[in-house]
Amino acid sequence: MKKLGYLLLVCCSLLLMSGCGAHQRLGTGQKTLIVGLDDSFVPMGFQTPGGRLSGFDIDLAQAAGKVMKRKIVFQTIDWSMKETELRNGTIDLIWNGYTKTPERQKKVAFSQTYLQNRQVMVVPRSLKITRLKQLQNKTVGVQSASTGYFDVMQEPKVLKDFIKDQRPVQYDNIQQGMLDLQSGRIQGFLIDGVFARYYLKQGHLNNKYRVITSPFPPDKFAVGINRHNLALQRQVREALDQLKRSGELQKIQQKWFGTTMEQ
C-alpha cells in the first residue's frame with residue numbers, strides 16, 4: 001500500500017508539473033506573453049498581402065517585450081471573445097487598438113493610454129480650411145455606420161447643423177470617400193485619426209491634404225490585462241513609461257503616422 005501510495009503521489013506530482021508547464025507556455029508563467037488581436041485592423045495590427053503581421057501595435061508590443069525581457073507571440077482571436085480569452089488565460093494581453101471604456105474596465109485591467117484616436121477631418125490644403133466652422137455649407141463625407149457617423153448625428157452642433165443639407169454623404173469604405181475628396185465632390189471627409197494619418201503617409205499625400213482634429217470624444221487605446229495579474233500589469237505600465245521616456249514610442253508613431261500623436 002505504501003508503494004502504491006508513493007506511486008500515486010509521484011504521478012499526481014508529474015501531472016501538476018505538466019499542468020504548470022502548459023500554463024507557462026501559454027504566457028501567464030515566466031517568459032512568453034501571448035497577445036490576442038484581430039489581424040485586420042489597419043494600421044494597428046494587420047496581415048500584409050504576404051501574410052506577415054504588421055502594424056503600429058505590433059511594433060509597440062515587440063518593443064515593450066524587449067524592455068520586459070519577455071518573448072511576444074501574437075495570436076489571432078475572435079475579437080468578440082477577447083475578454084473571455086483573457087479571463088481563461090489563453091492570451092495574456094489584448095493589444096490591438098483596444099479602447100478603454102468604463103464597461104470594459106469592469107472586466108479587464110488597463111495600462112495607461114498610449115495613443116488617442118480622434119475623429120479628424122481631412123480637407124484639401126488648396127481650400128485653406130483650418131477649422132471645422134469653415135466647412136459652412138460645404139459637402140462633407142463620412143463612412144457609414146462608423147464612429148464618425150454616430151458622432152456627427154449625436155452631436156449636431158459640432159458639424160451637422162452647418163454643413164450642406166445638414167447631413168453628411170455616407171460611403172461604404174474609406175477609399176470611396178477619399179476618391180470623392182480628391183475629385184472635389186466633397187470638401188471634407190471625417191475618419192479615424194490613426195487611419196487618416198497612415199493613409200496620407202503611405203500615399204505621400206500630406207502635402208495635398210490637411211488633418212483637422214475634431215472635438216468629438218477620443219478613443220483611448222490601452223493594453224488589456226487580466227485583472228488578477230498584478231505583476232504583469234505593473235510590467236506593462238513600466239515598459240510603456242520607459243518607451244515614452246526613451247523616445248521609442250514617438251519613433252514608432254513617426255514610422256506609422258508621419259507625426260507624433262496624443263497619449
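- The closest side-chain donor-acceptor pair between Asp38 and Ser40 falls under 3.5 angstrom.
- Side-chain contact of Asp151 with Gln119: a donor-acceptor pair under 3.5 Å is absent, judged by distance alone.
- Note: Asn229 CG to Gln235 CD = 8.0 Å, rounded to the nearest 0.5 Å.
- The neighbour count for Lys160 NZ, taken as heavy atoms of other residues, nucleotides or ligands under 6.0 Å away, is above 12.
- The only member of Phe56, Tyr199, Tyr198 that meets ring-ring contact (aromatic ring centres under 6.0 Å, His included) when paired with Trp256 is Tyr198.
- Put simply, the residue from Leu232, Val73, Val236 that forms a side chain to side chain contact (heavy atoms under 4.5 Å, CB included) with Leu33 is Leu232.
- Between Val194 and Pro43 the shortest heavy-atom distance is O-CG, 3.7 Å.
- Judged as a ring pair (Phe, Tyr, Trp, His ring centres under 6.0 Å), and not counting sequence neighbours, the contacts of Tyr171 are Phe189.
- Minimum heavy-atom separation, Met68 to Ala239: CG-CB, 3.8 Å.
- Considering only heavy atoms from C-beta on, Leu60 comes within 4.5 Å of Leu249 through its side chain.
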- Message: Run Asp241 and Tyr114 through side chain to side chain donor-acceptor pair (under 3.5 Å) and show every step you take.
- Response: CA-CA 9 Å; Asp241 279 342; Tyr114 62 82; over 6 Å; no
- Worked check of side chain to side chain contact (heavy atoms under 4.5 Å, CB included) between Lys31 and Lys71: CA-CA 6 Å; Lys31 294 298 181 184; Lys71 180 182 179 182; 5.6 Å; no
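- If you take CD on Gln136 and NZ on Lys164, they are separated by 13.0 Å, rounding to the nearest 0.5 Å.
- Residues Lys201 and Phe257 form no side-chain contact, since every pair of their non-hydrogen atoms from C-beta on lies 4.5 Å or further apart.
- Across all non-hydrogen atoms, the minimal contact from Ser111 to Lys100 is O-NZ, 3.2 Å.
- A distance of 12.0 Å separates OG of Ser54 from CE of Met44, quoted to the nearest 0.5 Å.
- At a threshold of 4.5 Å between non-hydrogen side-chain atoms, the residues Met121 and Arg131 do not count as touching.
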- Query: Given the rule in the side chain to side chain contact (heavy atoms under 4.5 Å, CB included) test, do Phe41 and Tyr98 qualify, once you have shown the distances and angles that lead to the verdict?
  - Reply: CA-CA 11 Å; Phe41 187 10; Tyr98 188 41; over 6 Å; no
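- Side-chain polar atoms of Thr130 and Gln134 form a donor-acceptor pair below 3.5 angstrom.
- For Asp92 against Thr32, the heavy-atom pair with the smallest separation is OD2-O, 3.8 Å.
- Taking the side chain as every heavy atom from C-beta outward, Tyr209 and Gln182 approach each other to under 4.5 Å.
- The closest side-chain donor-acceptor pair between Glu85 and Thr90 falls under 3.5 angstrom.
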- Query: How far apart are the C-alpha atoms of Leu37 and Leu53, what are their side-chain angles, what is the distance that settles it, and do they pass the side chain to side chain contact (heavy atoms under 4.5 Å, CB included) test?
  - Reply: CA-CA 10 Å; Leu37 78 159; Leu53 276 176; 4.1 Å; yes
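- Side-chain contact between Leu115 and Gln253 is present, with heavy atoms from C-beta onward closer than 4.5 Å.
- Within the structure, side chain to side chain donor-acceptor pair (under 3.5 Å) pairs that include any residue of residues 137-147 comprise Ser144-Gln170 (at least two apart or interchain).
- Contact of the Val120 side chain with the Arg197 side chain is registered, since non-hydrogen atoms from C-beta on lie closer than 4.5 Å.
- Residue Ser214 holds its OG atom at 11.5 Å from CD1 of Ile191, rounded to the nearest 0.5 Å.
- Shown here is Arg167, whose CZ atom has no more than 12 heavy atoms of other residues, nucleotides or ligands within 6.0 Å.
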Name each donor-acceptor pair under 3.5 Å that joins a side chain in residues 217-227 to protein atoms two or more places apart or in another chain, with its distance.
unit_1	atom_1	unit_2	atom_2	d
Asn226	OD1	His228	N	2.8
Asn226	ND2	Leu86	O	3.3
Arg227	NH1	Lys106	O	2.4

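- Residues Val169 and Leu132 are members of separate hydrophobic clusters, defined by side-chain heavy-atom contacts under 4.5 angstrom among Ile, Leu, Val, Met, Phe, Trp and Tyr.
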- So Phe216 and Leu190, side chain to side chain contact (heavy atoms under 4.5 Å, CB included) or not? Walk me through it. CA-CA 11 Å; Phe216 294 121; Leu190 187 74; 4.0 Å; yes
